Visitor: 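I have a structure here, written as C-alpha cells, and I will follow up with some questions on it.
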Amino acid sequence: MAIRFYNTLTRQEDEFVPLHSGEVRLYTCGPTVYDYAHIGNFRTYLWEDLLRRFLRFRGYRVTQAMNLTDVDDKTIANARAAGISLEDYTRRYIDAFFEDIETLGIEKAEHYPRATHFIPDMARLVGKLMERGHVYESRGSLYFKIATYPGYGRLSRLDTAAGVGQARIDSDEYERDNPRDFAVWKAPKDDEPFWQTEIGPGRPGWHIECSAMSMKLLGETFDIHTGGVDNIFPHHENEIAQSEAATGKPFVRYWMHAAHLVVDGEKMSKSRGNFFTLRDLAARGYDMRAVRYHLVSVHYRKPLNFTFEGLAQSQAALARLDDLALRLGQFGASHTTGTGDLAAKARERLQGMLEDLDHDLNTAGALGHLFELVRETHTTLDTGRFSTEDLEAVRKVLHAFGRIFGIEPGQRADLDAEIEDLIRRRAEARSQRNFAESDRIRDDLLRRGIVLEDTPQGVRWKRKSA
RNA sequence: GGCGGCGUAGCCAAGCGGUAAGGCAGAGGUCUGCAAAACCUCGAUACAUCGGUUCGAUUCCGAUCGCCGCCUCCA
C-alpha cells in the first residue's frame, strides 16, 4: 500500500516516492523566536512530528531540518525594546521552544539551523541570483524580480499579473518595480544589526533564510517542505522562486500545509484573550499528553476548533487507552485458554490504522480502528479466554500507536513508598473484609490523586486525570 | 474584488458513488462488598439548503446560505 500525501503544488493526493530510496529529507518551517510559541504553532509542529514519526515507522530514514528565525523585524524591535542584544533576546525564546517540544514529546530534528548562523550562505545565494539577473537594487536593498521567474505563482495560484492594492504600494517604504517583488537582502540601518558579507552589508530577507538553509542541509532538491497554510503565500512561493532561479533545479517535491487552529471559532489573538501557550494550559492543570492527543487527533488539513470541552473529551479518550494498557500490564507470562482470535483482530486493526495513515495521515480514521480494538480486547479479556499471543498482539498495536502518535499508553510515574504502603495496607484490610478501613484508605488515596480499581487480578492504580 | 477551505448526531470527528467508523457526554442493564474500570443495549430514515448527473449521492456537478483562512508579518 503506497503512502499518499496531499501536495499543495498539485492540489491533489500524490503517491509519495522519495528522491533517494529509503530516505526522506524534510524541511519544516519553524518558529520566529520573538515570543513563546502558542498552541496554534504547536498544532503544526505536532503534525510535522507525526509525519516524521510515521515515515520512520514505515521504515524511512528521515533527515529533518527546522529553522529558527532569530533575526527579523519583530525580533529586532523586541530586543531593542527590551534593551538587550538580539542574541540575548532570542536565546530566551529558543530555550523556551526546546522546553516546550520536550514537554510535548516532539522528536528532535536532525538540524535546527538558526538564521544568524547561516548569513554567509544566504549572501552566497543572493550573489548567485545577482549573477543570473534575478535581482535589482533599490535604496541599498536587493529585490527579487518575479518577472524573471516564469513559474511564479504556481504554488499559491495567485494571479501575478494583477497587482495588489494601490494603498499597499504607496505606503511601502521601499521602491520596487512590481509590488510582489520581495527583498532578498535588506540595507543596513544604523539602529539595526547587520552583517558584512560578500554582497555588502545588510541583513537577510525572510524568505532567503529558508532557501539557503534548506538547500545547504538537505540538497538543492529535497522531498517534503511543510508549514502552516499561511506560509503558502508569500513565504513558500518566494522560496521556490529564489531557490529554483538560483539552481535551475526543482526545489521541493511535496509541499504540505497544515490548517489553522482557531479558538471558540475565532482566530487566536491576544486582544481577544483567547491566546494560549503551552505554559498557559499547564498552569490550568491540563495534561500535556492530552494536549498532544487532542491537537493530533483531527486531520491536519481541517481547521481545528480548540475548546476546553474538546480538550477534556480528548483527555477522557486518552484515559481509555491508558486503562487498557494498565489492564494488559496485569497479565503475566502464559495464558493459553484462548485461540488467538484476538491476535488476528489486532493485526487487522493495525493494518486498518496504517492504511488510514498512509492515506494523507488520516489520524482520526486510524484512531477509529484503534478504539475498535480497545473494545474487542476488553471483551475478550472479560471472557478469560485468551492466549499470550493475543496479549502480545494487542500490546504491539498499542506500542505502534505510541511510536507514531508520540503517546505511550499506560505511562505513569512511579509511586512513592508511602503510597505503596497504603495500597498494601488497604489490600490487607480488604482481604479481612474490613471494608470501612479499606474504603477510608481508598478515599485518602483519591485525595492524593491516586485512583484504585479492584480487579480479579488484584488492585490496579492510576493517577486521577484532571 | 481574487484565491482556497469548511458545514456529518448534544459535543468532537472519520467516511467521499451503493445506502452513516470511532471518541466524549447521556439513559437502562450486567459485573463488583461498595466503587471505579469494563461489557451489553439505546442515538442521525440521515450527512447546511435547493437543483442536476446517475439504476443509486453524504460522497460528483451547479447555485444559495453560513463560517473561516490567504491576498501585508503570521504555524
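Not measured: the values here are computed from a predicted model. Basis for what follows: all heavy atoms, side chains included, without hydrogens, waters or symmetry-related copies. So that the names make sense, note that chain A is the first sequence line, chain B the second, and so on, each numbered from 1.
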Visitor: Output the single nucleotide from B:C3, B:C34, B:A37 whose closest atom is nearest the side chain of A:D439.
Guide: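 Closest nucleotide to the A:D439 side chain: B:C34.
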Visitor: Side chain of A:H38, heavy atoms from C-beta onward: which of B:C40, B:A75, B:G23 has the nearest atom to it?
Guide: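 Nucleotide nearest to A:H38's side chain: B:A75.
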Visitor: Between B:C31 and B:C39, how many Å separate the two C1' atoms, rounded to a whole number?
Guide: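 It works out to 8 Å between them.
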Visitor: Does A:R11 contact B:C3 through a side-chain donor or acceptor facing the base, at a distance under 3.5 Å?
Guide: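 For A:R11, whose side chain was compared with the base of B:C3, there is no donor-acceptor pair (under 3.5 Å).
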Visitor: Taking only the C1' atom of each, what is the distance from B:G43 to B:U54 in whole angstrom?
Guide: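 Taking atom C1' in both B:G43 and B:U54, they lie 32 Å apart.
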Visitor: Could you work out the separation of B:C67 and B:A27 based on their P atoms and round it to a whole Å?
Guide: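 Result for the P pair: 35 Å, nearest Å.
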Visitor: Using Watson-Crick or G-U wobble geometry with both distances below 3.5 Å, tell me the partner of B:G7, or none.
Guide: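 Pair assignment: B:G7 / B:C65.
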Visitor: Of the options B:A75, B:G22, B:C11, whose atoms approach the side-chain atoms of A:R375 most closely?
Guide: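 Out of B:A75, B:G22, B:C11, the nucleotide with an atom closest to A:R375's side chain is B:G22.
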Visitor: Decide yes or no, distance alone: a donor-acceptor N/O pair under 3.5 angstrom between the base of B:C11 and the side-chain of A:Q313.
Guide: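 Yes.
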Visitor: Do A:R203 and A:D73 sit within salt-bridge range, that is, some charged N less than 4.0 Å from a carboxylate O?
Guide: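 Salt bridge: yes.
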Visitor: Tell me whether the side-chain N or O atoms of A:R157 pair up with the base of B:G4 as donor and acceptor below 3.5 Å, since no angle test is needed here.
Guide: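 Check fails, no donor-acceptor contact within cut-off.
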Visitor: I'd like to check A:N7 versus A:F16 (side-chain heavy atoms, cut-off strictly below 4.5 Å). Are they in contact?
Guide: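 A side-chain contact is absent here, since even the closest heavy-atom pair is not under 4.5 Å.
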Visitor: Return the pairing partner of B:C60 with a 3.5 Å limit on both distances, Watson-Crick or G-U wobble; otherwise return none.
Guide: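 For B:C60, the partner nucleotide comes out as B:G52, under the 3.5 Å rule.
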Visitor: Would you say the side chain of A:R442 and the base of B:A35 hold a donor-acceptor pair, judged only by whether the two atoms sit under 3.5 Å apart?
Guide: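 Side chain to base: pair present.
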Visitor: Could you work out the separation of B:A36 and B:U32 based on their C1' atoms and round it to a whole Å?
Guide: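 Looking at atom C1' only, B:A36 and B:U32 are 9 Å apart.
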Visitor: Which of the following nucleotides, B:A37, B:G33, B:G22, is nearest to the side chain of A:R426?
Guide: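 Looking only at side-chain atoms, A:R426 lies closest to B:G33.
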Visitor: Between the base of B:C34 and the side chain of A:D454, is there a donor and acceptor pair under 3.5 angstrom?
Guide: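 Per atom types, the contact qualifies.
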Visitor: Considering only atom C1', compute the distance from B:U45 to B:U58 and round it to an integer number of Å.
Guide: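 Those two atoms are separated by 14 Å.
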Visitor: Can you find a side chain N or O atom of A:K302 that sits less than 4.0 Å from OP1 or OP2 on B:C12?
Guide: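 Indeed not, no polar side-chain atom of A:K302 lies that close.
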Visitor: Are A:R442 and A:D439 close enough for a salt bridge, meaning some N to O gap below 4.0 Å?
Guide: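 Counted as a salt bridge, because a side-chain N and a carboxylate O are separated by less than 4.0 Å.
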